[in-house]
Amino acid sequence: MAYFSCEDEAVLQAMLRQLFQSVKEKITGAPSLECAEKILLRLEETDENFHNYEFVKYLRQHICNTLGSIIEEEMEKCISDQNQSEESGYDTLVQHVARKIHDSKEYKEIMCSLNNVMMVVVESMINKFEEDEIRSQERQKRVQMEKSSSYCTDNCSDSDSSFNQSYKFCQGKLQLILDQLDPGQPKEVRYDALQTLCSAPPSDVLNCENWTTLCEKLTLCLSDPDPVFSDRILKFYAQTFTLSPLYMTKEIYTNLAKYLELYFLSGENHIPSLSTGVDITNHNVICLLKKVRLLNEYQKEAPSFWIRHPEKYMEEIVESTLFLLSVKHDQSHLVSQKILDPIYFFALVDTKAVWFKKWMHAYYSRDVVLRLLEKKYKSLITTAVQQCVQYLELCETMKTDEILEHSKHCGNKQKIVYYSGQELQYIYFIHSFCIFGRLLIYEVDRLISRVLFLEDKKDSVSLTDLLVLFTQLIYYSPRCPKMTNYSPASMVTEVLQILCDQKECAIECLYNNTVVETLLQPVHNLMKGTETAPNCSETALIHIADILARIASVEEGLILLLYGENMNCSEEESLTGAHIIAQFSKKLLDEDISIFSGSELLPVVKGAFISVCRQIYGTCEGLQVLLPYSLHESISKAWKKTSLMSERVPTPVEGSDSVSSVSQESQNIMAWEENLLDDLLNFAATPKGLLLLQRTGAINECVTFMFNRYAKKLQISRQKKFGYGVLVTQLASTAAGAVALQNSGFISALITELWSTLECGRDDVRVTHPRSTPVDPIDRSCQKSFLALVNLLSYPAVYELVGNQELPNKVEYSLREVPTCVIDIIDRLIILNSEAKIRSLFNYEQSHIFGLRLLSVVCCDLDTLLLLEAQYEVSRMLLHAQEENILEISENHRGFIIDGLSVERNHILVRINLVGGSSERILPPRILEKGDDPYPWPMFSSYPLPPCYLPEVTRNAEIKQDNDLGKLLLLFKMSDEQTEWIENCQKQFCKMMKAKPDVISGSALVELLETFVLHLTENPSECYFPSVEYTATDANVKNESLSSVQQLGITMTVRYGKFLNLLKDGAENDLALVLKHCERFLKQQQAPVKSSLLCLQGNYAGHDWFVSSLFMIMLGDKEKTLQFLQQFSKLLTSAFLWLPRLHISKYLPIDTIESGIHPIYFCSTHYVEMLLKAEVPLVCSAFHMSGFAPSQICLQWINQCFWNYLDWIEICHYIATCIFLGPDYQVYICIAIFKHLQQDILQHTQTQDLQIFLKEEALHGFRVSDYFEYMENLEQNYRPVVLRNMRNIKVQST
């Protein structure tokens, strides 16, 4: 800085001018000098281009050269000091170094030097500015003198006049300007007059009486050959647009539009033709483009403010625009040339028709535009469509290279000085497409009923034809990297994407076979091996796949892809879209298509089409259609191959040229691997899909991938509308899925998050108000974690995560010790059997109530209840806690302390001790009542329960032999024709269930079941399983032991049976013998299996609720029960009613056995979900919104034979219906239940406790007989699919 030359000064001045020019708008908009200074001081925070200014770069370099070495020395010194002390951190280091440098001598010297230099530069710039200003004043001296004599004061100043100035533009002055603007006047006079006009307030000019005459003069001036003069006119227009309200700018706009209209219609002007092209260096073209651009800029700005003004102003602007764009030259006398119309020049300055996009955005203007287009300017729509048609015809007939000549410059317009006719035609096509695309997006309803007629075609063009045309543009348009922004394929895809997102529009126009077939045409051709469209590229296929994925994500679109428009047509006629997509995706994965071999975009193409398949197989009906293609196997193979490749990627070596290429390759492989894992994970969205995922052996990796996305708070998938809840629920409904969740860290993270919310609170939130005491039993902040645990803790999950494990029961718990597993939650929140556990909780009552509520919901699954009771004696713990809650009121009177915990424990004790439907047990409420006795329900600390919880249930007297029942029993003796006999029995049974359902109970039900099953098994065609010889006696099995869960289940069954007057004393021993016989009988039909899953190690993990139910139906008769079971085990129905029947059964495929997934889950509940979506769609949506899967609650219902959910008579009807009418009625009954509960389900979805409601509440008011007609309709519609797949669970003979 010591040698500061004139050249340095000039460079610095140029840098400062650039800086001031860039921030001019910000500074001039500041209300005061102080604000302007603040803007400059905070420029680095507010200006994203701050570091690109040359002056800033100059300062940075100067500081670096002068202070760089000092800064480095100071930083090294600070770092060495920090290594020896505890204080550390980047911010602390920066602050310390900055403070040291600021206080240094060098810093003071450089600041002094900079100040001196900048003072010289700024003073020089000010002097130069003053000189320029003096010259400008001298030039304007004459004009200013005339102005001072021509203005007159006006006490009633116009409010719109130049910020309320007290003078107004006089009529005499305007007349003088009009005279001076006359073309006959000297150039200098006209120029000065124009200067005067521009310096006047625009509102005063527009309000003058001579405005019409002035418009004519301005129109003449616009045609002036002098570029300086015409530019000055345009500056006046631009100034008016900027400073005046709409009613004034409307006048200027229409005037300019009218001028352009006359300009194009006049034959005197030199307007380029299509054959000669447009040279934008030509003076006439430059002037014309400036005028068009000014008009276009106003078009784009006007929508932001015209809603605040009367509609008539907007209508005038819109109509003048549309009229100008519809101007056509009369070219009948021209043969070889076509004069360019105005719309070509609008396309040049606004290729993507941004102005039209803005006009169509709001209804206020859109309605006016569409009304005018429909009434007066239909030709604009027709012309736009015609351009699209012509371009497609050109693509179909010409070679790619020739087409590229039309459009190769569009992506790099700034370098172009000449546009050929072909390029102009291409730009016009892009402009036309953008206009019609917007019309299609916003007003498809009007276009659906409209048929367009093209000028050069006799045939009409319907909306479907247009969509087909658009779709063909995707794969017929040329591929050019330089024209990405103006690629027809990209723009068509954008329009179709928006249409897909507008469900109603998409249903009307997109979801039809014609459009889908057009989308799939190149795919179909690729698979057939024929030549595809000449320009169909990987990018085009990616666009097509994206549109198909959006179609598949909507129910109506999915149905179209699965079945086509005619769902009744045979598959042999033609493959639907889903089949073609699946076949193509499989070929891509198996690398059976070689056309794109080696392409960098090939993995993207694969991923795009698998994404479409994912939308399909992520639904039950979609998976049903795609099952034959075994996509899970192809995806799994591709993932394993990619996983091996990622392990083989070489480690990059520092300094090697291949570092970046290896890194990019590694990233691509990892991205493809994650994509494939995501595809596999989405199979878990349905029960049967989860079985397929388990068979691939990749379930652990998929769940780990899901947890990683969950931990990063990433969306589960682009097209998924809801989160991870449904997937987690499906996984937690199976043993393997629960183990995968545990191994991935998902459960640990969930429990840790719960604990931080429940016990620790949110430490990262500043406490401005004290945290309110929770009023609800479970605080709203913990509700999400509570529901997540409810979803997680199904019986298969509980057994895998808790089975055969003891509680820690530590002597002392640290306050910093955070639970990480389900056992810890039980130990720390539910079974608080020591002072150490209580003292370890910050919020004892709130946390313990949370645990008790969780116990209440989890124990609604009777197998879970028996497991927890067997391992941890839950009821004894609760009774002991109630005992400790007793207060000695007097010597002879003791009372329970009524608080939240005692009320909750009382509810749980009654719930887990009593079995029965809604009318067979009374559960005490959890809330207190108003009045003197807030809790009238008696509490207890030992069994038996107080009698008030047991309703009066008397056994119905034996119903006399009914005529219909007699007919049914008589049919059993008339068995000449087996098929006809079965149908007659079923019809008679249905008739009885509809008319007299109560007749089917007691001994009559026993006789019906025994006789029907005996006759059924005599027909070999009805026997699904082979007959098994069983000769064991009571003596053989007497000494065998039952699990503790089975023993507790026997006690519960007998207690329930005695309550219903169905069982007598001694029934425990008979039921125990029946269960022992069943275990031995089924063990003969089991296959050896080695598995780490706990549920596959030994006998069936839960209690046999079907056998217990049958034992009660048989009124405790051991021999009848065993004899019935041996016959019943031959039928297919036994596989779905009697769950232990297929436990590690040799009749199942080995991979199904090893999965640990029962056919009830992957077959029955799978079809419950499929039918639910079709029959009760609102309930299906409610489940998805709640993050809960219908399959889990159905599995719980079926597993325990609806115990605690239905009354005993309805349980009997459920079993009888499935035996008489077929196992598929199990599915129909579940659908009927959901239909019955629809209003309750929707209500509890809103209150966000759907899972709790379904698990805790009995099915109030549901009777199987009430829904018989409905279930018969379901049978007619779905039996072929449901029953066929139920029959396919067994190993098929080869």
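Both backbone and side-chain heavy atoms feed into the values below; hydrogens, waters and symmetry mates do not.
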If the condition is salt bridge (charged side-chain N to carboxylate O under 4.0 Å, His left out), which residues does Glu621 pass it with, not counting sequence neighbours? Lys1173
Sub-4.5 Å side-chain heavy-atom contact between Pro1159 and Leu1148: yes
Taking side-chain contact (heavy atoms from CB on, under 4.5 Å) as the test, write out the residues that go with Lys587, two or more places apart. Met527, Asp592, Ile593
Set of residues satisfying salt bridge (charged side-chain N to carboxylate O under 4.0 Å, His left out) with respect to Asp863, sequence neighbours excluded: none
Strictly by salt bridge (Lys or Arg N to Asp or Glu O under 4.0 Å), give each pair with a member in residues 1149-1167 just once, sequence neighbours left out. Arg695-Asp1151
Could you go through residues 696-704 and list every donor-acceptor pair under 3.5 Å that involves a side-chain atom there, pairing it with any protein atom two or more places apart or in another chain?
residue	atom	partner	partner atom	Å
Thr696	OG1	Leu693	O	2.5
Thr696	OG1	Ala698	N	3.3
Thr704	OG1	Asn700	O	2.8

Please tell me if the side chains of Tyr1228 and Arg1279 come closer than 4.5 Å, counting only heavy atoms from C-beta onward. yes
Return the set of residues passing side-chain hydrogen bond (donor to acceptor under 3.5 Å, both in side chains) with Asp861 (not counting sequence neighbours), or none when no residue passes. none
Can you list everything that forms a salt bridge (charged side-chain N to carboxylate O under 4.0 Å, His left out) with Glu753? Sequence neighbours excluded, please. none
Does the side chain of Leu520 reach to within under 4.5 Å of the side chain of Ile581, using non-hydrogen atoms? yes
So, for Tyr617 and Tyr629, is the gap between ring centers shorter than 6.0 Å? no
Output all residues satisfying side-chain contact (heavy atoms from CB on, under 4.5 Å) with Val798, sequence neighbours left out; order by chain, then residue number. Leu793, Val802, Thr864, Leu867
His1103: partners by side-chain hydrogen bond (donor to acceptor under 3.5 Å, both in side chains), with sequence neighbours left out: Gln1046, Ser1108
Residues in salt bridge (charged side-chain N to carboxylate O under 4.0 Å, His left out) contact with Lys641, at least two apart in sequence or another chain: Glu591
Go through the structure and list residues passing side-chain contact (heavy atoms from CB on, under 4.5 Å) with Lys1083, not counting sequence neighbours. Gln1086, Asn1099
What I want to find out is whether Asp590 reaches Lys637 closely enough, with some N-O distance under 4.0 Å, to be called a salt bridge. no
Would you please indicate if the ring centroids of Tyr1167 and Tyr1278 are separated by under 6.0 Å? no
For Leu787, give me all partners under side-chain contact (heavy atoms from CB on, under 4.5 Å), at least two apart in sequence or on another chain. Gln783, Gln1251, Ile1252
Does Asp679 use its side chain to pair, donor to acceptor, with the backbone of Ile610 at less than 3.5 Å? no
